[in-house]
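Just so it is clear: chains get the letters A, B, ... in the order the sequence lines come, proteins before strands, and each one is counted from 1.
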Amino acid sequence: MESTPRGDPAAVLRLEALTVSFTGNGGPIRAVRGVDITLQAASVHALVGESGAGKSVSAKAVLGLLPRSATCGGRILFHDTDLLSLPARSLRAIRGKRIAMVFQQPDKHLNPTMRVGSQVAEVLRYHNGIERREALLQARSLLDMVELNGREVLRSFPHELSGGMKQRVAIASAIACRPEVLIADEPTTALDATIQSQILALLDRVRRELGTAILFISHDLPLVRGFADDVSVLYAGRIVEQATSRELFSCAHHPYTDRLIAATPDPARRGERLAAIRGSVPDPQDVPPGCAFAPRCPMAADRCRVEVPLLRLSENADVSQRRSACHFAEQLVCEGLHNG
Amino acid sequence: MAIIELVLKRAGRLALTVFLISTIVFVTIRVIPGDPARTVAGMEASEQQVRAVRARLGTDQPLGAQYRSWLWASLRFDFGTSFFSNDRVIDLILQRFPLTAMLALLSFVLALLLAIPIGVLAAVKRWTIWDGLGLLFAQVGMAIPGFWLAIMLLLLFSVRLGWFPLFGVGTAAHWVLPVIALATERAAVLVRFVRSSVTEELEKEYVLAAESKGFSMQRVVFGHALRNALLPVITIAGIQFGYLLGGAVIIEQVFSLPGLGRLFLSAIHGRDFPVIQGGVVFVALVFSVTNFAADVLYAVINPRIRVG
């Protein structure tokens with residue numbers, strides 16, 4: 001799917017210049033430092049980065065789930081409503097009904113003393129005012145929809161289910177009200193590889209059948225290949241590259257993206273050393289001036305250490321709408337850097 | 001763990017506890033100074049008369065023999081007869097137990113009714129004035145001895161204001177002050193447990209997940225966090241009930257209530273061995289059974305133990 005300009009009616013969720021900072025002991029911790037993301041209806045937008053890049057914080061900001069020590073700036077537009085300026089009551093009416101969330105650890109995010117059926121039914125009862133019996137019936141078909149045996153699982157407690165099954169339950173309760181947006185915060189990270197792909201396939205089905213747009217958060221760039229329509233790569237609270245999945249994986253336009261792709265095992269190049277990224281993510285209280293990635297970047301020049309590179313459209317004519325926040329985006333030659 | 005296994009294990013522990021307590025009390029009351037035969041026979045009795053009384057009471061027997069015969073009889077709930085009144089000990093106890101049990105039970109209910117709302121409020125409104133007031137209640141409640149509070153309540157509400165009867169039993173009004181005096185300290189202890197338990201649950205991920213579903217604060221706290229937070233409180237509450245039985249013995253004295261307290265105190269005074277022994281074993285049994293019930297209740301309510 002092509003990126004579309006602002007104001008496009010197909011955009012369900014837009015983060016505009018989103019900033020999030022936390023009050024810390026040594027001054028404010030700026031976890032998100034200006035992020036723009038457009039989530040198109042019925043599409044998957046992947047938000048990728050290392051831990052501490054600000055992915056989860058951005059996601060939680062959308063639903064107002066950040067602790068009180070967090071301050072948000074910018075705008076989070078759901079259709080034309082700015083969620084950041086919405087009163088708590090109105091935001092709660094959207095949460096779980098029109099924008100739902102699935103979390104990383106299914107065994108911790110379900111209530112351990114509540115039966116699975118009740119947990120799914122609760123959302124329907126609360127938001128749609130459906131009475132108990134009817135809600136449980138609907139919960140059962142939702143559990144069937146996420147490929148569980150609804151009749152069996154309905155009366156189970158979470159601890160009786162495997163991790164993958166629990167994540168399916170979490171998805172069932174998230175999609176109960178047929179939300180327009182589903183925020184999936186590393187939903188497969190805690191699961192086995194085979195279960196991972198099943199959950200991805202399930203989320204893809206949800207997108208196709210319910211038309212739910214998915215903001216998919218992951219630290220695993222290759223995982224989102226073939227699943228996400230658009231990808232935003234986050235580094236130290238800023239987007240360093242934004243493109244359609246196809247474009248991004250065909251050729252990185254930012255050295256960080258390039259290193260992320262190179263740092264993953266490629267069956268075609270077995271036996272070679274993996275190209276790990278040297279150094280680590282900067283301390284959010286002490287982000288270097290200029291490009292935050294410069295200290296770890298093989299291409300860094302003097303300019304990178306002084307001037308913050310803006311996220312901008314590429315000047316290369318052949319690339320349509322993709323954006324990169326690298327001073328030298330145009331000079332990146334995919335093959336060359338990959339092998340170097 | 002299967003529930004049967006748990007019940008058997010706890011029942012075994014219960015039996016062991018009661019056995020140890022009975023042994024300790026048997027030895028202790030015979031080691032401390034004071035001869036019941038002297039009390040029974042009277043101050044003017046001759047040494048010979050006293051010896052005759054000793055033989056009748058059986059306290060002239062070797063300790064081991066006394067212990068064996070008492071233990072065998074106790075197994076059949078036969079705690080012997082009082083040295084002074086010839087009443088069966090078990091009758092004396094059962095006669096007075098309902099009042100003590102009622103006092104403990106009412107105080108238990110009041111303690112929970114106070115502790116759960118205050119603890120929840122303190123946890124939800126953490127680091128606010130509400131939390132501060134809750135902690136203040138806990139601090140003050142634990143610092144004030146129950147008997148002192150009982151006397152103060154008596155002085156203020158019965159003597160000065162005349163709202164409640166001074167002592168005795170009969171009407172509902174008679175229960176009010178003793179129950180408040182007894183419940184306050186337990187409530188104070190429980191407030192801290194409820195507060196920390198709810199605080200702990202509120203920080204768990206499933207609470208965030210419940211919030212992400214758009215549920216109101218009340219729904220998140222009462223529908224999700226509280227049911228998990230109260231699980232560990234059940235065990236603590238069981239132990240607190242035991243304390244209530246002990247506390248009731250003292251509070252009964254202040255309000256002149258004819259419960260177990262008065263029976264035990266006069267028995268200790270007169271070195272009435274059978275009543276002391278029987279009483280302690282009885283209270284130990286009630287205490288153990290309560291804790292046992294709390295453990296089983298916990299297991300029944302907690303789905304992770306019930307099935308896993």
Side-chain angles (χ1 to χ4, degrees), chain A residues 56 59-60 62-68 88-116 118-120 122-128 155-161 166 169-170 173-177 179 182-185 190, chain B residues 1-3 6 116 120 123-131 194 197-235 294-308:
Chain A
S56 280
K60 284 177 181 154
V62 173
L63 283 180
L65 293 176
L66 293 170
R68 249 173 253 167
R89 206 186 165 79
S90 319
L91 183 59
R92 278 208 305 271
I94 293 175
R95 267 189 207 162
K97 184 178 166 77
R98 302 182 66 192
I99 305 178
M101 189 153 177
V102 176
F103 295 87
Q104 182 173 353
Q105 288 161 306
D107 47 337
K108 289 187 178 163
H109 286 100
L110 292 176
N111 188 334
T113 54
M114 227 171 143
R115 288 179 201 279
V116 160
S118 314
Q119 300 202 37
V120 178
E122 188 184 18
V123 187
L124 293 163
R125 296 175 66 187
Y126 192 84
H127 285 298
N128 297 349
R155 291 187 57 76
S156 303
F157 284 102
H159 69 95
E160 297 170 274
L161 308 178
K166 276 182 263 196
V169 171
S173 79
I175 62 173
C177 297
L182 179 65
I183 298 170
D185 188 0
Chain B
M1 184 173 10
I3 198 96
L6 177 103
I116 293 175
V120 169
V124 172
K125 307 260 176 199
R126 215 156 157 233
W127 313 129
T128 66
I129 183 75
W130 299 107
D131 187 23
V194 173
S197 188
V198 171
T199 303
E200 202 177 299
E201 290 303 318
L202 285 178
E203 278 162 10
K204 290 198 173 157
E205 285 90 343
Y206 73 84
V207 168
L208 186 74
E211 280 173 11
S212 83
K213 291 173 185 165
F215 298 153
S216 63
M217 171 83 136
Q218 291 91 313
R219 171 129 211 108
V220 171
V221 171
F222 294 102
H224 287 265
L226 193 60
R227 56 195 295 155
N228 291 291
L230 287 186
L231 276 175
V233 173
I234 291 175
T235 311
D295 283 349
V296 173
L297 184 67
Y298 177 85
V300 169
I301 291 180
N302 189 348
R304 274 164 297 188
I305 292 186
R306 183 166 50 192
V307 193

Using side-chain heavy atoms (C-beta onward) and a distance below 4.5 Å, is A:Ser173 in contact with B:Lys213?
yes
Salt bridge check, B:Arg126 against B:Glu203: does any charged N sit closer than 4.0 Å to a carboxylate O?
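Looking at B:Arg126 together with B:Glu203, the answer is yes, because their closest N to O distance falls below 4.0 Å.
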Give, as side chain, backbone, both or neither, the part of A:Leu110 having an atom under 4.5 angstrom from any heavy atom of chain B.
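A:Leu110 touches chain B through backbone heavy atoms alone.
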Please classify the contact of A:Gln105 with chain B as side chain, backbone, both or neither, using a heavy-atom distance under 4.5 Å.
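Interface part for A:Gln105: side chain.
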Picking from A:Pro112, A:Gly64, A:Ala100, A:Pro158, which has the most non-hydrogen pairs under 4.5 angstrom with chain B?
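Looking at each of A:Pro112, A:Gly64, A:Ala100, A:Pro158 in turn, A:Pro112 comes out on top.
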Got a sec, which residues hit side chain to side chain donor-acceptor pair (under 3.5 Å) with A:Asp185, two or more places apart in sequence or on another chain?
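A:Asp185 satisfies side chain to side chain donor-acceptor pair (under 3.5 Å) with A:Ser56 only.
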Is it true that the side chains of B:Asn228 and B:Lys204 contain a donor and an acceptor less than 3.5 Å apart?
no
